[in-house]
Amino acid sequence: MGTMAVHGESSPSPAMRRPWEVPAPGRMFYKRSMSDPFDLTAAPPPAQAPAQAPAAPVSPPYLETLNESQRQAVEAVEGPVLVLAGAGTGKTRVLTTRLAHILLLGRAHPGEMLAVTFTNKAAREMKDRVAALLHRPVEGWWVGTFHALGARILRRHAEVVGLKPNFSILDDDDQVRLIKQLMEARKIDPKKWPPRTQLGVIQRWKDRGLMPAAVSDAEGGDYAEGQTLELYADYQERLRSLNAADFGDLLLLCLELFKIDGETLRHYQRQFRYILVDEYQDTNVAQYLWLRALAQGHRNICCVGDDDQSIYSWRGAEVGNILRFETDFPGATVVRLERNYRSTPHILAAASGLIAHNQDRLGKTLWTDVNEGEKVRVRGVWDGQEEARVVGEEMEALQAKGASLNDMAVLVRAGFQTREFEERLITLGLPYRVIGGPRFYERQEIRDAIAYLRVVHQPDDDLAFERIVNVPKRGLGAASLQIVNIYARAEGLPLTAAARRLLETEELKPKARATLRALLDDFDRWRGLLHNHVPHPDLAGRILDESGYTDMWRQSKAIEAPGRLDNLREMVAALAEFESLQAFLEHVSLVMENEESQDGAKVTLMTLHAAKGLEFDTVFLPGWEEGLFPHQRALDDGGVGGLEEERRLAYVGLTRARARAHVLHAANRLVYGQWQTAIPSRFVGELPDDHVERQGVPGLGGAVDEEGFAGPGLHEDGGLYGGGAGGAGLTRWRSRRRALAQTGSWNVHERKAQGGFDVGQRVFHQKFGYGRIQSIDGNKLEIAFEKAGTKRVMDSFVEET
DNA sequence: GTACATTCTCTTTTT
DNA sequence: GAGAATGTAC
């Protein structure tokens with residue numbers, strides 16, 4: 001955490017402080033800047049003001065290194081600007097240089113700049129890179145994700161929309177539980193109408209900036225016997241009484257705030273002189289409205305995006321936002337970045353050829369002047385294991401040639417695909433990291449601990465209260481809790497308040513009453529400590545100890561208990577890095593990612609979605625099969641639009657590669673414990689032949705094996721590359737047994753072991769703990785450990801349980 | 001109220 | 001196949 005502030009800080013080096021007079025005379029925005037001296041609302045940094053005057057036109061070095069269009073995008077400071085930045089065209093560079101440029105020109109000081117990103121990572125990178133350009137960290141500017149910035153604004157004016165400033169931000173888990181409760185109250189069958197789906201519908205409404213009252217009846221009538229809309233109203237009401245907001249609310253309630261309180265809106269409109277938006281193609285309607293509201297003041301809004309990389313429509317993103325920009329902001333400057341600095345011409349051509357199959361795009365022509373490299377390699381394999389094996393071999397080969405594992409990535413369509421690669425990489429002993437895997441703050445013990453902190457910080461947080469009221473077990477089970485719940489609902493009180501009143505009555509059994517009283521007293525005591533400014537890490541430690549939570553794990557003989565205690569300690573330690581308990585809680589709800597340790601070179605495994613914005617020398621793209629990629633569900637409920645989005649995803653994948661891209665498709669795949677057969681993705685066929693090197697017989701799913709056997713099902717379909725209409729029926733299920741019978745050479749070992757172990761047997765290993773035997777190969781056992789994952793070990797290290 | 005067994009869903013992507 | 005949710009036995 002940087003501590004230096006630009007405001008009132010001693011001046012930086014003279015070279016940096018010097019404003020760069022811009023050479024291109026006659027460019028409107030510079031003229032305008034001359035006639036627009038510092039009439040900032042707040043006093044500008046003194047060091048910068050006089051510096052605006054000197055005339056000698058010198059182009060600053062940071063501009064010299066940009067190409068013509070990049071430079072244009074940086075220098076078009078005034079008015080609305082749309083930067084269409086193709087993959088690998090130096091988008092981040094433009095963004096950060098632009099920000100630095102504005103600061104260096106003295107057009108605004110940090111507090112007047114709003115830079116919005118989609119991910120916390122992008123926000124961090126932006127801060128770091130601007131700091132590097134300026135040789136100092138910038139403090140006090142508004143950089144962050146939509147949600148973080150929304151929360152920041154909302155906290156300041158929470159009362160306007162019926163919240164208190166310390167409102168909780170619910171996580172996914174809380175939301176589902178809440179919806180479930182509300183459905184119960186309405187007697188909606190959760191079997192028939194899964195709560196998650198209900199929540200999904202509500203979130204979609206929120207994405208579109210619609211409060212319950214704004215949803216048209218026609219739309220509300222479609223789900224759950226027409227009750228979803230009412231459920232939405234219930235949900236919002238409940239959130240308010242919980243003094244809580246969900247993710248969507250962080251923007252939606254901001255919009256409400258702007259609507260209700262025009263003066264506040266005008267305040268922010270005046271404040272934000274320069275607005276910058278990254279990944280504009282992924283904004284949803286609510287985000288769009290939020291931006292548009294804030295940009296009305298100075299109209300200096302710069303949106304950067306690439307319609308070909310729009311991959312979040314399922315989450316409410318509207319490509320329309322980017323396609324419509326010039327209409328929304330008349331007189332906008334549009335800059336196209338088309339020169340690619342990342343990939344070889346073959347990769348670029350392959351990606352361009354693929355994306356050209358999409359109808360609905362603005363269209364760009366990426367080009368590069370680097371020399372030819374390798375063609376994109378496409379390889380068909382027999383099954384998922386072979387796929388992982390082939391990728392592993394290639395990685396080892398590259399490594400042998402001196403390549404770093406850091407420069408390799410496997411990009412998958414869906415999360416479950418990483419497993420096969422993990423197993424293979426473990427076997428090979430290649431270190432890897434999975435991005436987007438289980439996150440620190442999502443672990444059970446951490447969530448419990450946070451629930452304690454939440455209740456202390458925000459007494460009305462019923463969801464947190466419910467989570468820990470009986471953890472550790474105190475005999476306050478479902479029965480007691482129900483009494484509290486009924487009372488709370490009848491009286492319209494939060495659970496803690498209701499519980500407090502119930503203590504005065506005879507409704508609870510004496511034992512439960514005493515326990516509950518003790519718990520509430522604990523809460524009061526901890527809250528007292530909080531208000532007496534006991535340092536929050538100390539407080540957290542006390543809470544966990546005095547509540548018996550730490551003891552619960554200490555006494556647990558579960559194999560993972562020590563690890564959980566470690567995690568708790570780690571969390572308490574992490575608390576010290578935050579200014580306050582509130583700041584910590586904000587962090588965990590908005591930045592649910594683990595800071596990964598950068599020790600040693602590792603292969604990266606992640607989804608295509610997570611890969612956007614990243615690049616690697618070598619990219620492996622497995623699972624290009626109809627049904628998986630394009631994903632069946634995207635086709636089913638997305639139609640042509642869904643297909644095009646899948647294609648954009650493929651485009652994103654290919655364009656992550658600097659030097660080498662390997663596409664793979666398997667004829668058979670074990671999904672779900674069952675064998676699934678598939679034909680190669682239509683995207684494979686859409687790759688232009690001139691830039692692709694195909695291995696194995698095209699059209700046959702399998703790399704032709706020993707038997708030259710391509711896998712049942714493929715011939716029946718008769719077509720190559722998804723020629724079958726609509727994609728439906730292209731996949732089918734088959735029992736493992738049948739697949740085994742047909743191939744004969746399946747990579748499955750004898751069921752019975754020599755050493756007295758059986759497949760499926762539960763065993764114990766000194767180092768890895770408990771696990772179940774997957775397969776047996778002589779004296780080597782493949783064991784799926786409960787904690788340590790699947791490993792191969794010698795049978796002598798394993799004992800029966 | 002709790003512990004264990006059984007059944008059932010799920011898998012696209014995430015701030 | 002795994003994890004959650006539900007059902008059953010103590």
Side-chain angles (χ1 to χ4, degrees), chain A residues 116-123 144-151 169-173 175-177 180 190-192 194-197 200 203 206-207 245-251 278-279 282-284 286-287 310-317 411-419 435-439 441-442 444 470 472-482 509 511-512 515 588-593 606-612 623 627-638 642 645-646 648-650 652-653 669-676 736 760 772 774 784 786 790:
Chain A
V116 197
T117 64
F118 235 72
T119 64
N120 294 295
K121 203 167 127 207
T145 62
F146 278 101
H147 295 94
L149 295 168
I169 299 170
L170 300 191
D171 64 23
D172 191 60
D173 214 46
Q175 294 179 46
V176 175
R177 275 192 294 148
K180 246 187 233 167
K191 291 257 165 63
K192 223 165 150 192
R196 271 207 178 274
T197 314
Q203 276 169 344
K206 291 194 173 189
D207 287 340
D246 69 11
F247 258 80
D249 284 346
L250 297 178
L251 289 157
D278 192 13
E279 308 282 15
D282 286 332
T283 52
N284 61 34
Q287 288 159 338
S310 162
I311 54 176
Y312 282 104
S313 75
W314 51 273
R315 215 177 63 188
L411 309 183
V412 296
R413 176 63 184 89
F416 73 86
Q417 289 174 267
T418 57
R419 243 173 79 170
I435 308 283
R439 303 157 179 202
Y441 294 120
E442 279 173 4
Q444 183 194 337
N470 201 30
K473 300 254 186 295
R474 341 181 133 84
L476 289 170
S480 312
L481 195 60
Q482 192 173 11
K509 296 209 180 83
K511 209 170 153 194
T515 318
V588 298
S589 22
L590 294 174
V591 194
M592 295 274 286
E593 58 187 40
M606 63 180 142
T607 64
L608 286 159
H609 283 87
K612 196 173 59 158
L628 179 57
F629 191 34
H631 199 279
Q632 193 58 48
R633 203 161 139 189
L635 300 177
D636 287 347
D637 44 48
E645 179 147 320
E646 294 289 291
R648 291 194 290 269
L649 206 45
V652 167
R669 195 171 286 282
L670 186 59
V671 185
Y672 241 149
Q674 282 198 305
W675 285 100
Q676 192 177 11
R736 180 189 180 101
R772 214 167 272 286
Q774 299 300 101
E786 287 159 13
T790 303

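Each chain gets a letter, A, B and so on, in the order the sequences are listed, and its residues count up from 1. Bear in mind the structure is a predicted one, so any value in this text is a computation, not a measurement.
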Peer 1: What does Ser480(A) touch in the nucleic acid at a heavy-atom separation under 4.0 angstrom: a base, only the sugar-phosphate, or nothing?
Peer 2: sugar-phosphate
Peer 1: According to a strict under-4.0 Å criterion, is Thr119(A) in side-chain N/O contact with OP1 or OP2 of dT14(B)?
Peer 2: no
Peer 1: So Lys509(A), base contact, sugar-phosphate only, or nothing? Heavy-atom distance under 4.0 Å.
Peer 2: nothing
Peer 1: Is Leu251(A) close to His147(A) at the side-chain level, that is, under 4.5 Å between some pair of heavy atoms?
Peer 2: yes
Peer 1: Give Ala148(A) one of three labels, base, sugar-phosphate or nothing, depending on what nucleic acid heavy atoms sit under 4.0 Å from its own.
Peer 2: nothing
Peer 1: Does the side chain of Val652(A) reach to within under 4.5 Å of the side chain of Leu608(A), using non-hydrogen atoms?
Peer 2: no
Peer 1: Gln287(A) CD to dT15(B) P: how many Å, rounded?
Peer 2: 12 Å
Peer 1: Taking NZ, NE, NH1 and NH2 as the nitrogens, is one of them in Asp207(A) or Arg315(A) under 4.0 Å from a carboxylate oxygen of the other?
Peer 2: no
Peer 1: What integer distance in Å separates Leu628(A):CG from dC10(B):C1'?
Peer 2: 16 Å
Peer 1: I want to confirm an ordering. Mapping His631(A) and Leu476(A) to their closest nucleotides on DNA chain B, which one lands closer to the 5' end?
Peer 2: Leu476(A)
Peer 1: Between Lys473(A) and Thr607(A), which is nearer to the 5' end of DNA chain B once each is assigned its nearest nucleotide?
Peer 2: Lys473(A)
Peer 1: Measure from OH on Tyr312(A) to C1' on dT14(B) and round the result to the nearest Å.
Peer 2: 6 Å
Peer 1: Separation of Asn120(A) atom CG from dT14(B) atom P, in whole Å?
Peer 2: 14 Å
Peer 1: Could you list where the contact with chain A starts and ends along DNA chain C, reading 5' to 3', using a 4.0 Å heavy-atom cut-off?
Peer 2: dG1(C) to dA5(C)
Peer 1: For Phe146(A), report the nucleic acid contact type (base, sugar-phosphate, nothing); a contact means any heavy atom under 4.0 Å.
Peer 2: nothing
Peer 1: Do Leu250(A) and Ile169(A) come within less than 4.5 Å of each other through their side chains, counting heavy atoms only?
Peer 2: yes
Peer 1: Measure CZ/Arg633(A) against P/dT13(B) and give the value in whole Å, please.
Peer 2: 10 Å
Peer 1: Write down the distance between NE2 (His609(A)) and P (dT11(B)), rounded to a whole number of angstrom.
Peer 2: 15 Å
Peer 1: At 4.0 Å (heavy atoms only), tell me whether Phe416(A) reaches a base, stays on the sugar-phosphate, or touches nothing.
Peer 2: base
Peer 1: Could you tell me if the side chain of Val412(A) sits less than 4.5 Å from the side chain of Met606(A), heavy atoms only?
Peer 2: no
Peer 1: Is Asp172(A) salt-bridged to Arg196(A), cutoff N-O under 4.0 Å?
Peer 2: yes
Peer 1: What is the distance, to the nearest angstrom, from the CE atom on Met606(A) to the C1' atom on dT14(B)?
Peer 2: 15 Å
Peer 1: dT14(B) C1' sits how many Å from Phe118(A) CZ, rounded?
Peer 2: 9 Å
Peer 1: Can you sort out the partners of His609(A) under ring-ring contact (aromatic ring centres under 6.0 Å, His included), two or more places apart, ordered by chain and number?
Peer 2: Tyr312(A), Trp314(A)
Peer 1: Would you please determine if the base of dT13(B) is stacked by Trp314(A), with stacking meaning a centroid separation under 5.5 angstrom and planes under 30 degrees?
Peer 2: yes
Peer 1: Looking for any heavy atom pair under 4.0 Å, which part of the strands does Gly415(A) touch: base, sugar-phosphate only, or nothing?
Peer 2: sugar-phosphate
Peer 1: What residues, two or more places apart in sequence or in another chain, satisfy side chain to side chain donor-acceptor pair (under 3.5 Å) together with Arg419(A)?
Peer 2: none
Peer 1: Tell me what Asn470(A) touches on the nucleic acid: a base, only sugar-phosphate, or nothing, going by heavy atoms under 4.0 Å.
Peer 2: sugar-phosphate
